[in-house]
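Below, read A as the first sequence line, B as the second, and so on, with proteins coming before strands; counting in each chain starts at 1.
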Amino acid sequence: MANEALAQSSNTWFNVALLAYIVAMVAYFFRLAFTRVSADGVIAGTAVGRRVGMFGTAVAVVGVGAHTASVVMRGLAAGRVPWANMYEYSSLLALVAVVVGLVVVQQRMGYGHLVGFVLATAVLSMTIGLLLYTPAGPVVPALNSYWIKIHTSAAMASSSIFMVAFVATALYLVKDAAERRVAERSAASFDGSTVGAAHVGGPATTEQRPEGYEADTELDTRVASPLAQREALSPVWFPVVPGLVVVVFVLAVWRAPVAAIIAGSVAALLGTAAWYAVPYLPPAAKLDNLAYRTIAFAFPIWTFAVMAGAIWAEEAWGRYWGWDPKETGSFFTWVLYASYLHARSTHGWRGRRAAWVAVVAFVALMITYYAVNLWIVGLHSYAKA
Amino acid sequence: MTETVTPASQQREDPPSGGRLPAIPGPIETARRLWRALRRMSTALLLLFALAAAAVVATVVPQAPVTAQSVEQWRTGEAGPGPTAASVIDALGLFDVFGSWWFGLLVVLLFVSLTGCLVPRYRAFLRVARRPPAPGRNLGRLSNTRTFATDVPPAEVLGAAQRVLGRRRFRVRCIDADGAQQVAAERGHLREGGSLVFHTAFYVLLAGAIIGKVYGFTGQVSLPEGGSFADTRIAYDAADAGRGWELDDHRGFVVTLDEFDVSYFDDLTPREFVSRVTISEQGAPVRTADIRVNHPLRHDGMVLYQLAFGMAPHVVVRAGDRVLYDDRVLLSPNDDQNLWSGTAKVKFDDPERQIALDLVLAPDARLDSEGQPTIGPDPRPNNPVLIGNVYFGALGLQRPIPASQFERGSGPVDTAMLRPGGNAALVEGNLSVEFVDLAYWSGLQVSHAPGRLLLLLGAGLILAGLLPSLYSYRRRVWVDVQPEGTGSRVTVAGVALQRKGVFTDEFDDIATAVDREVRS
């Protein structure tokens, strides 16, 4: 049933796309490195940085083209929707995340510096997809339903947008910490000055701002040189924490020390990049807003995916909700994202606390997707095949 | 988070010196405090976190109602963190989180908190939504303003503004009081309304779930090809009936499995299972239909699902001329190997002299290159061999336990290996076993789930409420007109409570549209 030649070229295009994303990611980080901040806080790329950045965008767009070709061919080869196993799902997750990164984050919002990080998550997702590779083929009867088009695609689309939101949230936490420290320092140096004192409790604590605000960010850039933000953060933790987390994860799951060291180094590099990027990132309030808007966009889609899953379960298994690990997982992910939306409008929870809720929610999403499929016995265990 | 305590708040928290003892709250006061605490958003947030935490536990720890086998393995220590940890988990009731009393309490608290949050919000919403748009003062101070002069008289400007804002589905009110002529407009009550619908939908979901639990029925039945069952309580191997489900709620129709079909892909993974059934009422067949995975059959308020299937060899056991057993034995798949196994209780009237037959069926029994019998990978029974182990003695078959769990004690007394149509004499000719033929059996689930439509309605309301509650935003626009010579001086001003960035663009559009409408 599976068309060998098509499946083969699908794999080839997948590799092309992965390579393109890696190259584009490096180019975006290069662009980041070749950005200068003048004393009055204006951020501008150097000529070479801009050129490499444009090259990165072009390569990323080519990657999206190759990736789309890969996905379409995969669907044709298998004679069904191309999101029926974890390899295909991971691949599409990356594709949608990159498209959202390019179209929404870069084009519409103008936060090009963030795209490198989005590409990094896409590369990560595709690599995991490769580790879970399954040849193109038909699906077990339980998956053979039109609901796979509805339920799985909704889950996938929302997951990719949550992925972009996670990038924004993580960078928000970094940027916010930097802004806060710089403000505290300037408050200390202007001891007694009302400007400094106001700033400590000011933009970082968002009490006075209503939901969905556009904050007054002029103050933030005026207070101190943006480069001070980088100096305010210790460069030690940024590579160490993600590196260690990834090493432990890979060792625990695959018991492969070489792979663990490679993956850990990549994570450490990414952490360093995040540290380096701090001054060039959009103001914390903007990042917070980006995270909120993306989560608010993905949340109804996720809600719909869970509901469609319940309707499908009713048809396939004879009950709409049975607390199967996957159902439970999607439920707690939903509850946590709902908590995030509530936290943002709760006094005392706005800002960093809400952001941490979003981080936990994203971890929950990852558990729901990877851990439940791979290690926990339940009705969705077939998805790993 | 540390907060600096200002002297003022310190004073407030200090007990009044000298004078009364701190009052111990009475029951009414305690209840009122509890109610106030439950109504707080931060309490709701903590309850949501607790709900998520419970769900995380239920994902990591196997749940008895879902994966009973894993729970058993955790308890014996075959899997999981060991028997000691399992006994702690058991004591905390974590093997059945969603059936535990504390989870029930959590849900009740969440709904109490929800109610406490919604009642005042409903009241406020009804009050605010009925109120006409308020007149604006000090318009120049608002975040969005635009002023222009025109030679059109004020009355016409007001008309134009009303048309523009009306087209944009604003609620418009014309104010003409003591010299100030103004159009006040408001839009975006849908945000709060949507949020209320979203939250109210959870009561609908709860009602649907409760109705399904109380008045629902789910039963499983396994029947071989040619077999039939009537929809009555005793027909089901396992059943879960709600409290409100009465015995005579069963419809009584008879389902006959005419044929069961399995088809496979080239790589021998299953493509489809189909049960072809005939349903009869009062002895007369009323319909024939197929039941397959993802395509259940609905009949008379009951839904029939394809759940499982297996092999059902027809086995006859005789002692001399006396037939001890003549039936199809339902064999279930062994997960790792291409084998099907099951047990026949042959004779169990005398507790000391019972006979049981352990059966294993290999659908693809072949000889390998060296002539040794082996089990091939083909799940289709093209070349089946049935192996029967005979047990004799006090097997404990009279006890109410699953057939497969009898006392195997000293092991089988004899073994038979049969091809379809084959017959073997066992135990020195005292017993004969015949493998007549092979068929499939089909496992069906029959359900009656009355709360389904309500749940669907609740789900629809959740989505319908969620979208406006996230995307709609409340904003007010005023068009203030002051006469200036023969013409007028027009001030358009606006303010948004949410999504201010989006509103800035909208406001520009509105102001431009008013300007254009006035000029045309």
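For A/Phe297, the parts lying near chain B are the backbone and the side chain together; criterion is any non-hydrogen pair under 4.5 Å. Only the side chain of A/Trp334 has a heavy atom closer than 4.5 Å to any heavy atom of chain B. Of the two parts of B/Arg292, neither the backbone nor the side chain holds a non-hydrogen atom closer than 4.5 Å to a non-hydrogen atom of chain A. Both the backbone and the side chain of A/Phe304 come within contact range of chain B, judged by heavy atoms closer than 4.5 Å. For chain B, the nearby part of A/Val357 is the side chain; its heavy atoms alone come within less than 4.5 Å. Neither the backbone nor the side chain of B/Gln69 comes within contact range of chain A; no heavy atoms are under 4.5 Å apart. At a 4.5 Å heavy-atom cutoff, the contact between B/Leu48 and chain A is made by backbone and side-chain atoms alike. For B/Ser447, the part lying near chain A is the side chain, with the backbone staying farther off; criterion is any non-hydrogen pair under 4.5 Å. Residue B/Val56 touches chain A through both its backbone and its side chain, counting heavy-atom pairs closer than 4.5 Å. In this structure, chain A has no heavy atom under 4.5 Å from any part of B/Phe503. No part of A/Ile367 comes within reach of chain B, as not one of its non-hydrogen atoms sits under 4.5 angstrom from that chain.
Ring geometry for A/His342 versus B/His199: interplanar angle over 60°, hence perpendicular rather than tilted (30 to 60°).
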Take A/Thr328 and B/Phe98 through the test side-chain contact (heavy atoms from CB on, under 4.5 Å) and record every step on the way to the result. CA-CA 10 Å; A/Thr328 314; B/Phe98 303 110; 3.6 Å; yes
When you look at B/Tyr305 and A/Glu314, which way does the side-chain contact (heavy atoms from CB on, under 4.5 Å) test go after all the steps? CA-CA 9 Å; B/Tyr305 299 90; A/Glu314 220 266 334; 3.2 Å; yes
Quick one, B/Asn294 with A/Trp147, criterion side-chain hydrogen bond (donor to acceptor under 3.5 Å, both in side chains). Give me CA distance, side-chain angles, the key distance, then yes/no. CA-CA 9 Å; B/Asn294 278 315; A/Trp147 281 104; over 6 Å; no
As a quick check of understanding, evaluate side-chain contact (heavy atoms from CB on, under 4.5 Å) for B/Phe49 and A/Leu336, giving each step before the final call. CA-CA 7 Å; B/Phe49 290 146; A/Leu336 283 168; 4.1 Å; yes
Quick one: do B/His295 and A/Ser145 satisfy side-chain contact (heavy atoms from CB on, under 4.5 Å)? Show the steps, please. CA-CA 9 Å; B/His295 298 276; A/Ser145 162; over 6 Å; no
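Put simply, the side chain of A/Tyr320 never gets that close to the backbone of B/Leu456: no donor and acceptor are under 3.5 Å apart.
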